[in-house]
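What follows is a single structure, written as C-alpha cells, with notes after it.
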Protein chains: 2
Amino acid sequence: MAKKLKDTRLNKMPRTAKNTQTKYQKVEAIIRQRLIDNLWRPGNMLPSEIQLATELKVSQGTVRKALNDMVSENLLFRRQGLGTFVSEHTERRALFLYFSIVGNDGSHILPESNILSCEEKLVSPLERSKLELNVGEMVVQFRRIRYFNNISTIVETITLPLEHFPGFGTEMEPPNNLFRFYQSAYGITVSKAEEHLKAVIASPEEATILNIKPGLPMLEIDRIARMLDGRPVEWRVSHCDTRNYKYISERG
Amino acid sequence: MAKKLKDTRLNKMPRTAKNTQTKYQKVEAIIRQRLIDNLWRPGNMLPSEIQLATELKVSQGTVRKALNDMVSENLLFRRQGLGTFVSEHTERRALFLYFSIVGNDGSHILPESNILSCEEKLVSPLERSKLELNVGEMVVQFRRIRYFNNISTIVETITLPLEHFPGFGTEMEPPNNLFRFYQSAYGITVSKAEEHLKAVIASPEEATILNIKPGLPMLEIDRIARMLDGRPVEWRVSHCDTRNYKYISERG
DNA sequence: CAGTGGTCTAGACCACGCG
DNA sequence: GCGTGGTCTAGACCACTGG
C-alpha cells in the first residue's frame, strides 16, 4: 500500500487514452483518501470550495463537481451558508439509509437490541468468502435479538474481522447502533451494503428465542457492509418476523 | 388541471421566498412535461443542449444541469458524440432496474411467463387505496406464473386501472415484458416503484400452481409502480420461491 | 469533417447562517 | 457584514460519433 502518495498537486498531463481520469475525479480521489485516512473526521467541516480549489490548483467548479458527486454517495453533506461536512452515522442515517424494516403502517422505528452471545474464533470457509479474509484469520461473532416496542422481532448473527475490531465485545458491550460505534471507536465508516433476501422457516431455536411458533415464515436478510475503500467489514444475517413489519425498497 | 401553461419562455422574476424554483428546475419541469405529453417518445433524441438553451433562453450550463438530473433519475440517457435520448423499457432495463430477483450465484435472468387468468372488475377498497382510484372505477386483474429455465418459481397477481389500459388483456395476450408494453401500446412510462417485502407461507392454491409443497416459505413482493407524473399505474403482488433465487438490494 | 456531449475555467450574483 | 454554498452565465477546449 501507499503507492502514489505525492499527488497533492494535480498533474497537468492532458487526458489521453492512457489517462482517462478527469480533474474532478482526481480531486474526488484525493478527498476520498483523506476520509479513509481520517484526516477529516465524521461531523467535521471541510475547507471551503475556494480553499480546496486554491490548494489543488483547480477552479471552484471542479471542486464543486467532485464534492457534489460525494454528496450523492452520502459521504458528505452540505448546508448552505455553513459549509460541507463529513457524514456521520447518526440515528437518522441508520434508520433511513441502512435499516429497511418499517411497521405495516410505514412508521420508522429503530429497534432496541440485546446481545445473546459473543465469541472470537477462527474464520470458517463461508465467512472467509463473505468477508474476503485469508485462511487462519480471526473473526468476532455475536448474536442479538432486536425489539420493537419490547416485542422481539429480529434475531441477528453478526460476524466481524477481528483485525479491524481489536477487543470488540470483550472490553465493552456493543451498543445498539453498531455503525456509529464502528465509526467512533474504530474509525471505520460503513459506506455501502448489499442485501440478499430470502424467505425461510424459523428454526426451533429461533422460535424459542423470539417466542414464536416454530415453522413461522421469516424474512432472511443477508448483508455485507463495506467501508470507504470498498472492503467488506461486517457480515450480518437477520431473520425477521414480518407479521407486523415489512422490508421496503425503492426502484427506478 | 392545465393551470400555468404558457411557461414556454422562462420568466425573469428573481427567486424570492415565494418563488423557490430555480431556472434549471423550471427547465427540468418543462422537459418532464414534454415526456409526459409524449412529445418526445422513448428512444427519440432530444434537441441538443445548445438548441434547448436557445429555445428556453437560458445558458447551456443550465440546460445541462436539468438534463443531468433527469439522467440520474433514469428518464434520459446520454451518449457522447450522439446526443441525449429518452429512456426505453428495454430488456436490460427491466432486468437491472425493475427486477431484483437473481440466482443464488448472482446471475441475472428474466423469467418467461404464462397468464393464468384475466378479468375486468369493479375496484375493491384495498385496490382503491393501493392505486389511488375512486369508488366505482374499473380495474383489470390477472395472474401469471413466471418460470426460470422452465421451472415455475413466481406467481404474480397484477392489477391495473382500466382507465389507462383500455382493452387490456381482451384484445391480445399481455407479453412478458409488461413495462415495455405499457410504454409502446399505451404511452405510459413506469419511472419509479416502491416494493414492500414480507415472508409468507405458500397457500394450497399457490402450491398446486407452482408444484411445490404447501407451507413452503415464500418471499412476497408487494409493489406499486408509478408513471412519470407520480400516479400509481400498477399494483403487483409476487410470491417467489426463494430456494434457488434471491432478492437483491443495494444500500448506501 | 461537423455536431454532439464532457470538462474546465472565471466571474457574477443570490440565499443562507451566524455573529 | 461576512463567509459559505447555490445558481447562472459565457466561452474555451476535449473526446466521441457518424458520414
Side-chain angles (χ1 to χ4, degrees), chain A residues 7 9-31 40 43-87, chain B residues 7 9-31 40 43-87:
Chain A
D7 270 321
R9 41 178 161 60
L10 273 48
N11 62 30
K12 292 184 186 294
M13 193 166 63
R15 191 152 52 96
T16 67
K18 296 191 175 178
N19 174 20
T20 52
Q21 206 180 30
T22 61
K23 276 197 189 178
Y24 73 80
Q25 286 169 330
K26 290 176 193 167
V27 170
E28 200 175 318
I30 289 169
I31 294 172
W40 297 320
N44 287 177
M45 189 172 84
L46 266 60
S48 75
E49 294 179 348
I50 303 278
Q51 283 176 299
L52 287 169
T54 309
E55 182 207 343
L56 301 172
K57 307 248 196 306
V58 296
S59 76
Q60 185 187 4
T62 301
V63 171
R64 169 174 292 276
K65 174 140 178 63
L67 294 181
N68 279 338
D69 284 359
M70 300 181 76
V71 166
S72 58
E73 276 187 79
N74 291 304
L75 299 180
L76 307 175
F77 65 93
R78 324 185 78 155
R79 282 176 56 196
Q80 184 173 153
L82 281 179
T84 304
F85 302 81
V86 183
S87 293
Chain B
D7 269 321
R9 42 178 161 62
L10 275 46
N11 62 32
K12 292 186 186 292
M13 192 167 63
R15 189 151 53 96
T16 67
K18 296 191 175 178
N19 174 20
T20 52
Q21 205 178 31
T22 61
K23 275 196 190 180
Y24 73 81
Q25 286 169 331
K26 289 177 194 166
V27 171
E28 201 174 318
I30 289 169
I31 294 173
W40 298 319
N44 286 177
M45 190 173 85
L46 266 59
S48 75
E49 295 178 348
I50 303 278
Q51 283 177 297
L52 286 169
T54 308
E55 183 206 342
L56 301 173
K57 307 250 197 308
V58 296
S59 75
Q60 185 186 5
T62 302
V63 171
R64 170 174 294 276
K65 174 140 178 64
L67 294 181
N68 279 338
D69 283 358
M70 300 180 76
V71 166
S72 59
E73 276 187 78
N74 291 304
L75 299 180
L76 307 175
F77 66 94
R78 325 185 78 154
R79 282 177 56 195
Q80 185 172 154
L82 281 181
T84 305
F85 301 81
V86 183
S87 294

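Just so we're on the same page: letters track the sequence lines, and every chain starts at 1.
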Measure the shortest side-chain to side-chain distance between A:L67 and A:L46 over non-hydrogen atoms and say whether it is less than 4.5 angstrom.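 Yes, side chains in contact.
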
Between A:T84 and A:M45, is there a side-chain heavy-atom distance shorter than 4.5 Å? no

Please check the phosphate of [N] (OP1 and OP2 only) for any side-chain N or O of [X] closer than 4.0 Å.
X: A:K23; N: C:dT9; result: yes
X: B:Y24; N: D:dC8; result: no
X: B:T62; N: D:dT9; result: yes

Heavy-atom closest pair, residues B:V27 and B:A66: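 B:V27 and B:A66 have their closest heavy atoms at CG1-CB, 3.6 Å.
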
For B:V63 and B:V58, work out which heavy atoms get closest and say how close.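 Closest pair (atom of B:V63, atom of B:V58, distance): CG2-CG2, 3.7 Å.
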
Can you tabulate the close N/O pairs, meaning under 3.5 Å, that link protein atoms to atoms of nucleotides 1-4 of chain D?
unit_1	atom_1	unit_2	atom_2	d
D:dG3	N2	A:G81	O	2.9
D:dT4	O2	A:G81	N	3.2

Tell me: [atom1] of [X] to [atom2] of [N], nearest whole Å?
X: B:K26; N: D:dT7; atom1: NZ; atom2: P; value: 13 Å
X: B:R78; N: D:dA15; atom1: CZ; atom2: P; value: 18 Å
X: B:Q21; N: D:dG6; atom1: CD; atom2: C1'; value: 15 Å
X: A:K65; N: C:dG6; atom1: NZ; atom2: C1'; value: 9 Å
X: B:L76; N: C:dG6; atom1: CG; atom2: P; value: 11 Å
X: B:L52; N: C:dT4; atom1: CG; atom2: P; value: 11 Å
X: B:F85; N: D:dC16; atom1: CZ; atom2: P; value: 17 Å
X: B:N68; N: C:dG5; atom1: CG; atom2: P; value: 11 Å

Side-chain H-bond candidate by donor/acceptor type, B:T54 with B:Q51, under 3.5 Å: no

Residues forming a salt bridge (charged side-chain N to carboxylate O under 4.0 Å, His left out) with A:E28, sequence neighbours excluded: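 Residues passing salt bridge (charged side-chain N to carboxylate O under 4.0 Å, His left out) with A:E28: A:R32.
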
Distance-only donor-acceptor test, A:R64 side-chain atoms vs D:dG6 base atoms, 3.5 Å: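 Answer is yes: a donor-acceptor pair is held.
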
For the side chain of B:S59, counting heavy atoms from C-beta on, which of D:dT7, D:dC8, D:dG6 is nearest? D:dC8

Please, which pairs that meet ring-ring contact (aromatic ring centres under 6.0 Å, His included) have at least one residue in residues 49-85 of chain A, sequence neighbours excluded?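 Counting only pairs at least two positions apart or across chains, the ring-ring contact (aromatic ring centres under 6.0 Å, His included) contacts touching residues 49-85 of chain A are A:F77-A:F85.
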
